[in-house]
Amino acid sequence: MISVILPAYNEEENIEPAVKEISAVLDGCGEDFELLFISDGSTDSTYEKIRTLSESDDRVKGVEFSRNFGKEAAIFAGLSVSGGDAVIVMDCDLQHPVSALPEMIEKWRAGAEVVEGIKNSRGKESIFHRMSAGIFYGIMSKLIKIDMSSSSDFKLLDRKAVNALLRLPESNTFFRALSFWIGFRTDKVYYDVEERRSGKSKWSTRGLMKYAINNATSFSTLPLKIVTAMGWIFIVFAIVLGIQTLVRFFMGNSADGFTTVILLLLIIGGFMMLSLGIAGHYIARIYEEVKGRPRFIIRDTTGKISGDLKGQWK
Ligand code: UDP
Ligand code: MG
């Protein structure tokens, strides 16, 4: 059986088309399947739609969060309640084309344990969005030493890979990068991002920036190393400048370097604050992880959920 995980946050118009189109394609692949909708604390009738559909079609199943926990939480909830031998994660606004599914399943049958969906093009976006995504993925790719520029959350994972992901203890996850991190035999499927069916994107610019910073720092300690490196540069600079100042002082022609003093104070002061901020950010992340809260809280489920709903919430 194949489980399809569909995170849905206020997607009432997209549930029915998603069920129709995905079912049609998967029926053609000759594989049993379940469609697992994770309603991420939707405030519209998304969950009612899922429930209605699940009553007439027992392959449709739904999980409803107690509030909005974010797409990452929704994906991990889907992974923990899925029962398939393979799991496909895709957006329920159908921006991830259903036409790519047969190829993904084909590659899985041929032995791939992780099939990554790779974007040929990023679809319609604002220039600002495209540029910031470019910068973010540029940095992320450097940090984790894997090219992430065209990766997405559209993936197929074998049960082995799903179990490996579920064993990761951290509550702050970045699915897209973790699926690289766990390794396994990987293959790729290329696809073109489609237009969103209806409704609008759930991401605000602020939300995206926060997402980018959190993910970059949850995957790398490079910013902390940069602080140390800058510290060393400052020390070298301090020695050179210190010697020069002392020599001049003893030779009796010390410069009246008031400008230099002000500049140095400002530069070093600014840099110290920034370093404290970076270190503080990591401490905040540690604090969050140490609290050990669950990634999500489930309010209700519909349909026969095959996975474990208890032990794996964290
Ligand atoms: N989504 C979610 N929780 C959120 C935001 C989004 O489950 O807090 C889901 C959303 O319903 C959709 C998918 O994640 O199925 C991708 O979201 P969206 O289409 O808004 O992002 P974009 O495609 O613009 O990157
Ligand atoms: Mg979308």
Side-chain angles (χ1 to χ4, degrees), residues 3-19 21-22 35-50 53 60-82 87-98 100-101 117-134 136-137 140 148-155 171-177 191-212 214-215 295-301:
S3 305
V4 184
I5 296 174
L6 300 133
Y9 177 46
N10 294 347
E11 304 274 9
E12 51 185 0
E13 297 110 341
N14 291 324
I15 304 294
E16 220 178 307
V19 170
E21 291 183 32
I22 298 170
L35 303 181
L36 265 171
F37 286 93
I38 317 292
S39 168
D40 186 7
S42 304
T43 49
D44 63 2
S45 64
T46 302
Y47 188 60
E48 281 66 50
K49 285 264 156 65
I50 300 167
L53 286 167
V60 178
K61 297 162 190 188
V63 171
E64 159 96 313
F65 283 176
S66 61
R67 65 167 170 89
N68 181 256
F69 279 92
K71 187 181 175 188
E72 289 291 320
I75 293 175
F76 274 83
L79 294 179
S80 43
V81 300
S82 67
V87 171
I88 295 170
V89 177
M90 64 192 290
D91 285 359
C92 78
D93 55 3
L94 293 172
Q95 280 192 297
H96 296 154
V98 288
L101 294 177
I118 306 283
K119 293 175 197 153
N120 277 329
S121 65
R122 294 188 53 95
K124 269 204 181 144
E125 286 177 321
S126 69
I127 294 179
F128 176 74
H129 193 144
R130 189 180 303 257
M131 264 175 48
S132 31
F136 171 62
Y137 284 118
M140 277 302 281
M148 301 242 329
S149 56
S150 43
S151 73
S152 66
D153 287 336
F154 187 26
K155 296 175 202 288
S171 51
N172 199 297
T173 48
F174 185 32
F175 177 64
R176 206 168 283 201
Y191 72 94
D192 289 307
V193 179
E194 293 196 7
E195 291 262 332
R196 186 171 236 288
R197 269 322 144 79
S198 56
K200 55 182 194 314
S201 175
K202 305 295 180 297
W203 289 105
S204 62
T205 309
R206 198 168 147 253
L208 273 178
M209 299 244 301
K210 209 172 133 201
Y211 181 71
N214 275 348
N215 288 330
R295 286 172 186 151
F296 51 83
I297 298 170
I298 293 177
R299 187 174 74 75
D300 193 22
T301 64

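Remember, predicted model here, so these are calculated numbers, not experimental data. Counting starts at 1 for both ligands and their atoms, in listed order.
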Open item on the list: Rounded at 0.5 Å granularity, tell me how far CD in Glu21 sits from CG in Leu94.
Closed with: 5.0 Å
Task: Numbered atoms of ligand 1 (with element) below 4.0 Å of Asp93, judged on heavy atoms - done: 19 (O), 23 (O)
Open item on the list: To check you understand the geometry: which heavy-atom pair defines the closest contact between Tyr47 and Arg299, and what is its length?
Closed with: CD2-NH2, 4.3 Å
Open item on the list: With rounding to the nearest 0.5 angstrom, report the OG1 to NZ distance, Thr301 to Lys61.
Closed with: 10.5 Å
Task: Distance-only side-chain donor-acceptor flag, Glu11 / Thr46, under 3.5 Å - done: no
- [ ] Could you find the nearest protein heavy atom to atom 24 (O) of ligand 1 and give me its residue, atom name and distance?
- [x] Ser201 OG, 2.6 Å
Open item on the list: As an exercise, state the distance from CZ of Phe175 to NZ of Lys71, rounded to the nearest 0.5 Å.
Closed with: 9.0 Å
Open item on the list: Does any N or O of ligand 1 fall below 3.5 Å from an N or O anywhere on Cys92, backbone included?
Closed with: yes
- [ ] Quick one: closest heavy-atom pair of Ile50 and Gly62, and the distance?
- [x] CG2-CA, 3.7 Å
- [ ] Please determine if Lys49 and Asp44 form a salt bridge, counting it only when a charged side-chain N lies under 4.0 Å from a carboxylate O.
- [x] no
TODO: For ligand 1, indicate whether the residue Asn10 contacts it via side chain, backbone, both or neither (heavy-atom separation under 4.0 Å).
DONE: neither
Open item on the list: If the cut-off is 4.0 Å to any non-hydrogen atom of Ala8, which atoms of ligand 1 fall inside it?
Closed with: 7 (O), 11 (O)
Task: Atoms in ligand 1 with a heavy atom of Pro7 nearer than 4.0 Å - done: 7 (O), 9 (C), 10 (C), 11 (O), 12 (C), 15 (O)
- [ ] Could you tell me which atoms of ligand 1, counted from 1 in the order shown, lie closer than 4.0 angstrom to a heavy atom of Gln95?
- [x] 19 (O), 22 (P), 23 (O)
Open item on the list: Heavy-atom pairs closer than 4.0 Å: do any link ligand 1 to the side chain of Lys71, the backbone, both, or neither?
Closed with: both
Task: Numbering as shown, the atoms of ligand 1 that approach Gly70 to under 4.0 Å (heavy-atom distance) - done: 3 (N), 8 (O)
Open item on the list: Just to confirm my output: which protein heavy-atom neighbour is closest to atom 16 (C) of ligand 1, and how far is it?
Closed with: Asp91 OD2, 3.2 Å
Open item on the list: Return the OG to CG distance between Ser66 and Asp40, rounded to the nearest 0.5 Å.
Closed with: 9.5 Å
TODO: Report the nearest protein non-hydrogen atom to atom 5 (C) of ligand 1: residue, atom name, distance rounded to 0.1 Å.
DONE: Lys202 CB, 3.7 Å
Task: Minimum-distance atom from the Mg ion (ligand 2) among N, O or S atoms of Asp93 - done: OD2
Open item on the list: Taking the six-membered ring of Phe65 as reference, does the cationic atom of Arg67 (NZ for Lys, CZ for Arg) lie under 6.0 Å from its centre and within 45° of its axis?
Closed with: no
- [ ] Note the single closest protein heavy atom to atom 18 (P) of ligand 1, along with its residue, its atom name and the distance in Å.
- [x] Arg196 NH2, 3.5 Å
Open item on the list: Please list the nearest protein heavy atom to atom 1 (N) of ligand 1 with its residue and the distance rounded to 0.1 Å.
Closed with: Tyr9 CB, 3.8 Å
Open item on the list: Tell me the protein heavy atom at minimum distance from atom 25 (O) of ligand 1, and give that distance in Å.
Closed with: Trp203 CD1, 3.7 Å
TODO: Provide the number and element of each atom of ligand 1 under 4.0 Å from a heavy atom of Glu11.
DONE: 10 (C), 11 (O), 12 (C), 15 (O)
- [ ] To the nearest 0.5 Å, tell me how far Leu6 CG sits from His96 NE2.
- [x] 10.5 Å
- [ ] With heavy atoms of Asp40 as the reference, note each atom of ligand 1 found under 4.0 Å away.
- [x] 2 (C), 3 (N), 4 (C), 7 (O), 8 (O)
Task: Stepwise side-chain contact (heavy atoms from CB on, under 4.5 Å) check, Ser80 with Phe296 - done: CA-CA 11 Å; Ser80 43; Phe296 51 83; 3.8 Å; yes
